[in-house]
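Notes follow once the structure below has been shown.
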There are 2 protein chains.
Amino acid sequence: MAEEIGERAQHLLKVLVESYIRNGQPVGSRLLARDSGLDVSAATVRNAMADLEELGMVSSPHTSAGRIPTNKGYRMFVDSLLTVKPLTDREIMTLNGQLGVDGSNQELAASVSDYLAGMTEMAGMVMIPRTAKRSSLRHIEFMPLSDHRILAILVINEKDVQNTVIRVDRQYTTAELQQAANFLNSELAGRELFDVRHRILKELRETKDGMEQMMHQAISMAEQVFEQPASKSNADDFILSGQTRLMGFEELSNMEKLRGLFEAFNEKQEILQLLDRCLDGDGVQIFIGDESGYGVLDECSMVTSSYQVDGEVLGILGVIGPTRMAYERVIPIVDVTAKMVSAALAQSK
Amino acid sequence: MAEEIGERAQHLLKVLVESYIRNGQPVGSRLLARDSGLDVSAATVRNAMADLEELGMVSSPHTSAGRIPTNKGYRMFVDSLLTVKPLTDREIMTLNGQLGVDGSNQELAASVSDYLAGMTEMAGMVMIPRTAKRSSLRHIEFMPLSDHRILAILVINEKDVQNTVIRVDRQYTTAELQQAANFLNSELAGRELFDVRHRILKELRETKDGMEQMMHQAISMAEQVFEQPASKSNADDFILSGQTRLMGFEELSNMEKLRGLFEAFNEKQEILQLLDRCLDGDGVQIFIGDESGYGVLDECSMVTSSYQVDGEVLGILGVIGPTRMAYERVIPIVDVTAKMVSAALAQSK
DNA sequence: AGTTAGCACTCGCAATATTAGAGTGCTAAA
DNA sequence: TTTAGCACTCTAATATTGCGAGTGCTAACT
């Protein structure tokens, strides 16, 4: 491209973004000339600003205000200009304290989300994907409820519990259910959920000719349990905390926008789709403003990272805050948190 | 009291409140004289207003605005002046459609909360008290997790499931746990939770001299399960929906206040204490503005009612909205909803 | 070439004035 | 007790103004 950005222009953009992030005020040429550390006059800076404006990196709210970064400007900033500020030992200690290895995954996620929110003063989030690929079924158990409803309890990964209610065509006795569970446990326990869902059940169904009545029924129960994407667990796999902090930001004081954002949080659906997109990416990923494509996030940025064990992505965590956030601080926080969560999970395996 | 309020003054107060609720504008004497239907002049109304102001029923935001009701004025209005507006058949039908009898209590509560929020255009809430007195234990089951942790599963009321993780001093085999569960089931199943918690376990502990080792262990497990106020279920027994609607109200546009309110929603604690206070009351109960004593609710009113089966209060439901809400509509909605939920629960028993 | 100083110009913001209108309280008469 | 009349108060909306910040452009300088 002919429209390469010069060394100095880059540096000016960097200083401008930093200044704007700090003060929230448009940055004028005079101030910028002084703060840049460069030995140039305001007029020179103005020329550079004109160039940056042409490239869409900055814009002025109106004629006689300074410049503010555009989303594209922020993007350039985080991609190539930013100098991250490593965490202090103290901050790392705090996190370590929170990562108890002995809670359920839900509890772990909640405490990590809190930590992220607390450290960044924004909203923290942790997502556990619906089908964590490496999940293995430890145990299945049935319990009769009223009428033709049966409670199925799955223990997954030695740690997490999932309840599902299924409906059947007749009443079953506790003993019958016990028998069915025994059968299924012998066939399925220890397998990975993914396998159970897609392979094992099919296999069983196909070879069931010689089986007795009870087994047939056990299999069809299991199908019900595993088929549905588990509406309840679906809702539980995204934990958000500290949303209310977002109400403190100037740039989110528009009630309409804010309301849209909170409704999106309640729906969860849109946010989840967005996070799904991060699953493949490596390291810290950032959505700035409207890059996400979701209108409600227009004034926001998301900084996310996946956490993983043995190279296998287990989920996504990160923060949501106003576009004007302290990236140089937030990015290492998210990065380190993801790594420590990964480590903690690996250890508890 | 000498400061009795005259017939006419009452009527004027009523019309004033109604007008203010409709338009959100301070009501002046001229308008009020016309709308009241009374054949009096504005000056007369002004005199009456002066009296009402002295009694603390109304106040003017400033010298030359009309009057608006104070909390005390609202209180008088809802207590003795209000003429409720019964629900249309159509509205009742909608509710009936939502009250599926076959979901869990959690699901039922969620759908009722949605209904309340939708009908009133405010926030709906449903609370299931921690210890629903009439809950009886149907079944208890243990399942080994990793290390010294055991999952206890309670089935309550043929419908609801509760998981609790307990910690024990050594590993137990599935068979051992089975045995413990069998023992506990034979002793506890069918009992009311309240009894289990306070009486039965104590009783068992006291007479355990002749028992074998296993029983001892079973009892101490049960104690762990029932002792803790079940931190998880504690969080789950209050369902709020439509909070974001509150962001649309003029009177809640102060971000500080609003944030406080949403934080209270997240904490749940304060709100729950408030709802606890409604448990004894009969019929629809209303907190207006600062009557609740919680600062965050200063600009809000809560309209609640208990729902019950066989005269036994099972929980509280209601709505939260700005003090300036259409009480004559909201009150019957909450009232009828509570009655229909009661009926639905009685039927499903 | 790139850099700088100078300068006219634009724009937003805050402070100040002005006005219209709504509503009050009081007084005196009905 | 009620009413009409009237002076008064206060708000909210609408100009008017001056100030300061910051720009873009041009012409001179290195």
Side-chain angles (χ1 to χ4, degrees), chain A residues 2-13 15-17 19-20 22-70 73 250-251 253, chain B residues 2-13 15-17 19-20 22-70 73 250-251 253:
Chain A
E3 33 167 69
E4 200 71 19
I5 303 179
E7 187 79 11
R8 185 169 61 203
Q10 288 204 9
H11 181 244
L12 285 174
L13 178 57
V15 177
L16 182 142
V17 174
S19 168
Y20 182 67
R22 238 193 338 274
N23 309 314
Q25 300 273 325
V27 188
S29 54
R30 187 164 16 244
L31 182 71
L32 189 51
R34 216 165 21 75
D35 284 5
S36 67
L38 268 47
D39 195 14
V40 293
S41 78
T44 312
V45 172
R46 280 203 281 280
N47 289 332
M49 285 300 109
D51 296 347
L52 286 175
E53 184 149 17
E54 204 156 348
L55 292 174
M57 295 295 181
V58 298
S59 72
S60 357
H62 56 82
T63 331
S64 84
R67 304 301 214 291
I68 61 176
T70 60
E250 194 59 39
E251 41 269 86
S253 54
Chain B
E3 32 168 69
E4 200 72 18
I5 303 180
E7 186 80 12
R8 185 167 62 202
Q10 287 203 9
H11 181 241
L12 285 173
L13 178 58
V15 176
L16 182 143
V17 175
S19 167
Y20 182 67
R22 238 192 339 275
N23 310 313
Q25 301 272 326
V27 189
S29 54
R30 187 164 18 244
L31 182 73
L32 189 51
R34 214 164 24 76
D35 285 6
S36 69
L38 269 46
D39 196 13
V40 293
S41 79
T44 312
V45 172
R46 279 204 281 281
N47 290 330
M49 285 300 109
D51 296 348
L52 286 175
E53 184 148 15
E54 204 155 351
L55 291 175
M57 294 294 182
V58 297
S59 71
S60 359
H62 57 82
T63 330
S64 84
R67 303 300 213 293
I68 61 176
T70 61
E250 194 60 37
E251 41 270 85
S253 54

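Below, chains carry the letters A, B, ... as their sequence lines are ordered, and counting in each starts from 1. The structure presented is a predicted model; accordingly, all values stated were derived computationally and were not measured. Note: hydrogens, waters and symmetry copies are ignored here, and every other heavy atom, side chains too, is used.
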Inset, instruction - Mind checking side-chain contact (heavy atoms from CB on, under 4.5 Å) for A/A43 and listing every partner two or more places apart, or none if nothing turns up? - result: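 A/A43 satisfies side-chain contact (heavy atoms from CB on, under 4.5 Å) with A/S41, A/R46 once adjacent residues are dropped.
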Legend entry - Sequence-distant partners of A/S19, side-chain contact (heavy atoms from CB on, under 4.5 Å), two or more places apart: A/R22, A/N23, A/V27, A/L31
Inset, instruction - Go through residues 27-44 of chain A and report each residue with a non-hydrogen atom lying under 4.0 Å from DNA chain C, sorted by number. - result: A/D39, A/V40, A/S41, A/A43, A/T44
Legend entry - Qualifying salt bridge (Lys or Arg N to Asp or Glu O under 4.0 Å) pairs with a residue from residues 32-45 of chain B, counting only residues at least two apart or across chains: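 Salt bridge (Lys or Arg N to Asp or Glu O under 4.0 Å) check on residues 32-45 of chain B returns no pairs.
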Legend entry - N/O donor-acceptor pair under 3.5 Å between B/T70 side chain and B/G56 backbone: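 Indeed, once roles are kept as given, a pair shorter than 3.5 Å links the two residues.
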Inset, instruction - Indicate yes or no for a side-chain donor-acceptor contact from A/S29 to the backbone of A/V45 under 3.5 Å, with no hydrogens or angles considered. - result: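 Such a contact is absent between A/S29 side chain and A/V45 backbone.
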If you take all heavy atoms of [X] and [Y], which pair is closest and at what distance?
X	Y	result
A/P61	A/G66	CD-O, 3.4 Å
A/P69	A/Y20	CD-CD2, 3.5 Å
B/V58	B/M49	CG2-O, 4.1 Å
B/A33	B/V40	CB-O, 3.9 Å

Legend entry - By side-chain hydrogen bond (donor to acceptor under 3.5 Å, both in side chains) - contacts of A/E53 (at least two apart): A/R67
Legend entry - Heavy-atom contact window of chain B on DNA chain D, given 5' to 3' at under 4.0 Å: D/dT2 to D/dT11
Legend entry - Base partner of C/dA22, which must satisfy Watson-Crick or wobble distances under 3.5 Å: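 By the stated definition (distances under 3.5 Å), D/dT9 pairs with C/dA22.
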Inset, instruction - Could you tell me which nucleotide pairs with C/dA1 by Watson-Crick or G-U wobble geometry, both distances under 3.5 Å, or answer none if nothing does? - result: none
Using nucleotides 9-15 of chain C, report all nitrogen or oxygen pairs with the protein that are shorter than 3.5 Å.
| from | atom 1 | to | atom 2 | distance (Å) |
| --- | --- | --- | --- | --- |
| C/dC11 | O2 | A/S64 | OG | 2.9 |

Inset, instruction - Rounded to the nearest angstrom, tell me the gap between atom CZ in A/R46 and atom C1' in C/dT3. - result: 12 Å
Inset, instruction - With DNA chain D as reference, determine whether A/M49 or B/R8 sits nearer its 5' end, using the nearest nucleotide of each. - result: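 Counting from the 5' end, the first nearest nucleotide belongs to B/R8.
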